[in-house]
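Computed from a predicted structure; not experimentally measured. In what follows, chains are A, B, ... by sequence order, proteins preceding strands, each numbered from 1.
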Amino acid sequence: MIKSQLQEWVDVCFGKGVEQGFWSNASAGCYALEEPRHEGQGDYACNAAMVIAGKEKKATGKKVNPRQVAEQFVTLLQENSDLVEKVEIAGPGFINFFLQPVVWSQVLSVTMAEDGSFGFATVKNGKRVLVEFVSANPTGPLSIGHGRQAVLGDAIARLLESVGYDVEREYYYNDAGRQMRVLGASTRARYLELLGLDGEFPEDGYQGDYISDIAQSIIDEKGDGMKDEEDVMFFKEVAEKAIFNDIAQTLQRMSIRFDHYFNEHTLYDEGHIDDVVSILREKGLVYEQDDATWFKTSAFGQEQDRVIIKSTGEPTYRLPDICYHREKFKRGYDWMVDVFGADHIATVPDVLAGVEALGYNPEMVTVVLHQFVTLLRDGKQVKMSTRKATFITVDELIDEVGVDAVRFFFLMRKADSQLEFDLDVAKEEGKENPVFYVQYGHARICTIFAKAAEKGVEPLTFADADFSLLTLPEELKIMKTIGAFPAMVQAAADDLAPHRIVFYLRELAGQFHSFYSEFRVLDPGDLERSRARLWLMICLSKVLRNGLTLIGVSAPVSM
RNA sequence: GCCCCUAUAGCUCAGUGGAUAGAGCAUUGGAUUCCUAAUCCAUGUGCGCAAGUUCGAUUCUUGCUAGGGGCACCA
């Protein structure tokens, strides 16, 4: 808003420079307004002079001094507006703009007007995007890694919604195949053991306690009625149902919902698997060797070809994965985002090669890979092993630190980074805990509102507030940060990087706490200033709330 | 051997093609008659190494080194 006004003005001046022959049009659109990092460099800095100097040198071969260009530029800027207080040339040729302090209160008007949608797109962009995440097979409770993925995927979906996409969330799973047979066999073995019979526990069976719980539930319902059942199907189905229930509940605790659950089965039932194979075969991208069917991934820049149908006749995971993505394409999305754990990294090139082989554009699929999570307790890494059933589930994590902390912590790092989840910090009720820090900021502001009447300071109407009284650097800084919220949300969405929201919130909360302890919002002796500050605080709380909502964390009114 | 991710302060991590690279924790020392001290203030000579692109590189490219993960007719 403010930036675009300034940008417009700068663009006009650039155009004048072209007209007057100071420089050519070559740099149009190449320069930028940026927010300087350091104090004393103005509110916005423009690098136009350096860009122009570079371009002109390239075109004419003559050396151009950026500072001179900046001088020329500044003379063109002379017709000053209400916007800019002063302009300075600095460093290698930056043009620094110092705005009139009062213009910053514009961001408060916008915040008030847009309220709960401030920072978010109010009109749809008309694009449909599918976000696939979690996609855990129902073989056990969600692990910590799934937890990160669930929160990350959900936050990405929220971000994309906030910038105008029509978002659909999808969970892809497979309840058939070897893994599920093992699950059935494991359950059956536990069932027999609980009955005091000899249960042959599979070598690669699922050892978690949850299997025994499921077995117990079968006993509770059917007694020993199933002890002669040789087929593991029954056990598989009971286990699957129980586990899926459990997963759904965990997701629900985190307020994560899906629009679609896509079962791999569909791909077989509807003949898509055979379809894909025959298409690839027609294209000469599939061949038989050693009784198996191979996909020529080497034709797509990979080192070696991959098996898509085993010699047993069973497809490998690649084939349905490719097939599944074809279905996504057929459903007509404009964009597909896959959120995967780092352990799935190897499948990505295969799937994308498959997509391309089928004639679709693989660039319409964006894969977000997230690295692993390690848990820290007492400063030491918690060792986790599925085999020994010592892994901690998302449920247990939520039990221990609460949903808000789980969500917040999983989003504190960019997906590319390994994430260290410090349980002690997450449980802490103090500033060391960033969740509490931000939430406390919101709650603290709310108490100011509650106290306002008591102190005889009513905000009255926004229109009557005199924002020219807000001239403290701290106040201006808060307004600037609020004003930066929409662009930050957009950037976070563009990069599929929800961690930026988290960092922004910590920054904004920090600015608030700092302001709060140094200055008083409510001063009965200075009603006008108090009112202006009260509105500033109201806007601040709205932005905190909007930001927290974006990452699915609550904004408590009191703590 | 090949592929992916990472390398920034004592620790955990942000960040950017630009002008003086940040935050939290930890350390040390301060702040509460007053809107929640669950807070605030002060305290810091660090972008793994080497070339290249550029007016300008911590940021982009390449190579090297180190750590993590992956390279199944498992998913």
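With N65(A) contributing its side chain and R67(A) its backbone, the two residues share a donor-acceptor pair below 3.5 Å. R318(A) contributes a side-chain N or O that, together with a main-chain N or O of V307(A), makes up a donor-acceptor pair within less than 3.5 Å. A side-chain donor-acceptor contact under 3.5 Å links D404(A) to the backbone of S554(A). W535(A) places no side-chain N or O within donor-acceptor distance of the main-chain N or O of A465(A), the cut-off being under 3.5 Å. Side-chain N or O atoms of N96(A) include none that pairs as donor or acceptor with a backbone N or O of A45(A) at under 3.5 Å. Listed for the N263(A) side chain is a donor-acceptor partner under 3.5 Å among the backbone atoms of H265(A).
Separating the CG atom of L505(A) from the C1' atom of G24(B) is a distance of 15 Å, rounded to the nearest angstrom. Here A38(B) presents its C1' atom at 15 Å from CG of D404(A), a figure rounded to the nearest Å. To the nearest angstrom, P of C35(B) lies 18 Å from CG of D526(A). Rounding to whole angstrom units, CG of residue N65(A) and C1' of G56(B) are separated by 14 Å. Atom P of nucleotide U12(B) and atom CD of E420(A) are separated by 6 Å, given to the nearest angstrom. As a whole-Å value, the separation of E34(A) CD from G56(B) C1' is 12 Å. Atom CZ in R37(A) sits roughly 13 Å away from atom P in U59(B) (whole-Å rounding). The CE atom of M412(A) sits 18 Å away from the P atom of C11(B) (whole-angstrom rounding).
The base of A19(B) is not paired with the side chain of N47(A) by any donor and acceptor separated by under 3.5 Å.
Atom name C1', nucleotides A7(B) and A42(B): the rounded distance is 31 Å, in whole Å. When the P atom is compared between G29(B) and G67(B), the two are found 39 Å apart, to the nearest whole Å. The separation of A21(B) from U8(B), taken at their C1' atoms, amounts to 8 Å, rounded to a whole angstrom. Spacing between A14(B) and U6(B) at atom P, rounded to whole Å, works out to 10 Å. The C1' atoms of A23(B) and C47(B) are separated by 16 Å, rounded to the nearest whole Å. Look at the P atom in both C5(B) and G10(B): the space between them is 27 Å, to the nearest Å. For the C1' atom pair drawn from A9(B) and C13(B), the interatomic distance equals 11 Å after rounding to whole Å. Rounded to whole Å, the separation between the P atoms of G22(B) and U61(B) comes to 25 Å.
Using a cutoff of 4.0 Å between basic side-chain nitrogens and carboxylate oxygens, R281(A) and E288(A) are scored as salt-bridged. Ion pairing between D523(A) and R529(A) fails under the 4.0 Å rule for side-chain N and carboxylate O. Residues K480(A) and E35(A) are not paired through a salt bridge, judged by the lack of any N-O separation under 4.0 Å between the basic side chain and the carboxylate.
Stem list for RNA chain B (at least 3 consecutive Watson-Crick or G-U pairs, distances under 3.5 Å): B:1-7 with B:65-71, B:10-13 with B:22-25, B:28-31 with B:39-42, B:48-52 with B:60-64.
Residue contacts for Q41(A): at a heavy-atom cut-off of 4.0 Å it reaches a base atom on one of the strands shown. Nucleic acid contact for F519(A): base, since at least one base atom lies under 4.0 Å from a heavy atom of the residue. As judged by a 4.0 angstrom heavy-atom cut-off over every strand, A45(A) is placed among the base-contacting residues. Across all strands, A443(A) comes closer than 4.0 Å to base atoms (heavy-atom distances). Nucleic acid contact class of P36(A) (heavy atoms, under 4.0 Å, all strands): base. Looking at heavy-atom distances under 4.0 Å, T293(A) makes no contact with the nucleic acid at all.
OP1 or OP2 of G22(B) has at least one side-chain nitrogen or oxygen of H38(A) nearer than 4.0 Å. Note on K414(A): a side-chain N or O is less than 4.0 Å away from OP1 or OP2 of G15(B). At the phosphate of A14(B), neither OP1 nor OP2 sits under 4.0 Å from any side-chain N or O atom of R500(A). Distances shown here put a side-chain N or O of H499(A) below 4.0 Å from the OP1 or OP2 atom of G15(B).
The two residues Y171(A) and A136(A) make their nearest non-hydrogen contact at OH-O, 2.6 Å.
At a non-hydrogen distance threshold of 4.0 Å, nothing from residues 479-493 of chain A comes into contact with RNA chain B.
Across A38(B), A21(B), C35(B), the shortest atom-to-atom separation from the side chain of T447(A) is found for C35(B). For R520(A), counting side-chain heavy atoms from C-beta on, the closest listed nucleotide (A19(B), C13(B), C35(B)) is C35(B). Of the listed nucleotides (A38(B), C40(B), C55(B)), C55(B) has the atom at the smallest distance from the side chain of M50(A). Which of A19(B), C13(B), A37(B) sits closest to the side chain of S417(A) comes down to C13(B).
Comparing Y437(A) and V521(A) against RNA chain B, the residue whose closest nucleotide sits nearer the 5' end is V521(A). Taking for each of F503(A) and K57(A) the nucleotide of RNA chain B with the nearest heavy atom, the 5'-most of the two is the partner of F503(A).
Residues that satisfy the side-chain hydrogen bond (donor to acceptor under 3.5 Å, both in side chains) test with Q41(A), not counting sequence neighbours, are absent from this structure. Under the salt bridge (charged side-chain N to carboxylate O under 4.0 Å, His left out) criterion, K477(A) pairs with no residue, sequence neighbours left out.
The only option from Q179(A), M180(A), R178(A) that meets the side-chain contact (heavy atoms from CB on, under 4.5 Å) definition with V182(A) turns out to be R178(A).
Side-chain contact between L99(A) and Y44(A) is present, with heavy atoms from C-beta onward closer than 4.5 Å.
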Any chance you could list the contact pattern along nucleotides 67-75 of chain B? Use B for base contacts, S for sugar-phosphate-only contacts and - for none, protein heavy atoms under 4.0 Å, 5' to 3'. -SSSSSBSB

Show the atom names and distances, to 0.1 Å, of all donor-acceptor pairs under 3.5 Å that link a side chain in residues 415-425 of chain A to residues at least two apart or in another chain.
| unit_1 | atom_1 | unit_2 | atom_2 | d |
| --- | --- | --- | --- | --- |
| D422(A) | OD1 | D424(A) | N | 3.0 |
| D422(A) | OD1 | V425(A) | N | 3.3 |
| D424(A) | OD2 | D378(A) | N | 2.5 |

